[in-house]
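What follows is one structure encoded as structure tokens, with my remarks underneath.
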There are 2 protein chains.
Amino acid sequence: MLTSKAKYALRAMIDLAIETGTGPRRPFFIGDIARRQDIPRRFLENILLDLRKHGLVVSHRGKAGGYALAKAPDLISFADIIRAIDGPLALTPCTSRTAYQRCEDCRDEAMCAIRKTMLKVRQASADILESTTLAQAASTGEGVNDAIDQVRATGD
Amino acid sequence: MLTSKAKYALRAMIDLAIETGTGPRRPFFIGDIARRQDIPRRFLENILLDLRKHGLVVSHRGKAGGYALAKAPDLISFADIIRAIDGPLALTPCTSRTAYQRCEDCRDEAMCAIRKTMLKVRQASADILESTTLAQAASTGEGVNDAIDQVRATGD
DNA sequence: CGTAAACTCAATTGACTTGGTAGAGTCAAC
DNA sequence: GTTGACTCTACCAAGTCAATTGAGTTTACG
């Protein structure tokens, strides 16, 4: 399972992508993101700091500061965000591309049945998570908001 | 990542499958499994107890007791074992088939971009883990042992 | 019988992680 | 030079992980 920190991170990043839209990337306040996404504000500070250290957002300090996406929304994947917050996608260290570590107790990696299967799982998960970008998520995300706004507007 | 408990469980179950081979399912001692697989013995007791409570192994008490596979090796999948020890395969509660829980903060499940992606990941992972059985793992596993024995025999 | 050798069950432990909170900063725009 | 933003370090309570411990209970066998 993802930690709630990682889920918050995904939501915050999608929020940034939605607010940014197709225009230039400009910074938004933590407080605004926290309010819109209903994320504990001080906790979101930690999360955005982590994301910044991993190069996924940039910050501007001072009165007109805030956080902005570090890259175009179609260049940031779910995998980037999850890896930044929760660490490797793989189910075992011996199948992680980003944090590989040999099994201490595995006699022959090439033949290990567990490893073979975990490699397949990691590959399948990574394929999906790396090909899903903020740009895609933001467009479905906006759909949700539009739909809700419409419901609200028509009083349904 | 899997917990080490789940990895031990997979190893112990594969060990049982290898020892059982194609013959009838008979019980093996915790101590023997622990020694062969280099798993802390008392910890393995907990694990086998969990696996028994989930119906994956059966136990016999008393002097000639032990643990045996509850079903044929080709009817027990990696997914069964991982679910028994670590819980749901899904990355979020809202995409778990076995422990579904609605997102408290999700406005529209059908349109949620995060959920949509996590569903795909769970489906892909489950497809692999449910189709990989102890029977398959045991045959590659035996290959490893044979290969190692051969290396030992030829002194290489 | 009775006892050795197996499984069973509940509890404990120590280190670490998770999900937050708090406070004292630093920085930049006006 | 103050205001309103981010930053850094630290802290905390609760829970999880990875075992370990100890006191049973059960059964085969002589």
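Side chains of B:Met118 and B:Arg122 form no contact here, defined as non-hydrogen atoms less than 4.5 Å apart. Looking only at side-chain heavy atoms (C-beta outward), B:Met1 and A:Pro93 come within less than 4.5 Å of each other.
If you chain together hydrophobic residues whose side chains sit under 4.5 Å apart, B:Leu119 and A:Leu10 never meet in one group.
Partners of B:Phe43 by ring-ring contact (aromatic ring centres under 6.0 Å, His included), not counting sequence neighbours, listed by chain and number: B:Tyr8.
The CG atom of A:Asp74 lies 11.5 Å from the OG1 atom of A:Thr22; values are rounded to the nearest 0.5 Å.
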Evaluate side-chain contact (heavy atoms from CB on, under 4.5 Å) for A:Leu134 paired with A:Thr20, printing each intermediate quantity in order. CA-CA 11 Å; A:Leu134 289 184; A:Thr20 302; over 6 Å; no

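The footprint of chain A on DNA chain C, defined by a heavy-atom cutoff below 4.0 Å, extends from C:dT18 to C:dA28.
Atom CZ of B:Phe43 is separated from atom P of D:dT21 by 14 Å (rounded to the nearest Å). The NZ atom of B:Lys7 sits 12 Å away from the C1' atom of D:dA18 (whole-angstrom rounding). The nearest whole Å value for the distance from the CG atom in A:Asn46 to the C1' atom in D:dC11 is 12 Å. Rounded to whole Å, the distance from CG on A:Leu44 to P on D:dT7 is 12 Å.
Rounded to 10°, the angle separating the first-five-pair axis and the last-five-pair axis of the helix from C:dC1-D:dG30 to C:dC30-D:dG1 equals 0°.
A heavy-atom distance below 4.0 Å to DNA chain D is reached by none of the residues of residues 82-92 of chain A.
A 6.0 Å sphere centred on CZ of A:Arg26 holds no more than 12 heavy atoms belonging to other residues, nucleotides or ligands. Under a cut-off of 6.0 angstrom, the local environment of CD in B:Glu130 is crowded, with over 12 non-hydrogen atoms contributed by other residues, nucleotides or ligands. Remark: A:Lys5 NZ is packed, more than 12 non-hydrogen atoms of other residues, nucleotides or ligands lying under 6.0 Å away.
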Protein-proximity profile, nucleotides 1-6 of chain D, B/S/- by nucleotide at the 4.0 Å heavy-atom cutoff, equals --BBBS

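Minimum heavy-atom separation, A:Leu44 to A:Ala12: CD1-CB, 3.9 Å.
At distances below 3.5 Å, at least one donor-acceptor pair connects side-chain atoms of B:Arg115 with backbone N or O atoms of B:Cys94. Using modelled atom types, no side-chain atom of A:Thr132 and backbone atom of A:Leu129 make a donor-acceptor pair closer than 3.5 Å.
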Show me the side-chain donor-acceptor pairs of residues 51-64 of chain B shorter than 3.5 Å, one per line, residues at least two apart or across chains.
residue	atom	partner	partner atom	Å
B:His54	ND1	B:Asp50	O	3.0

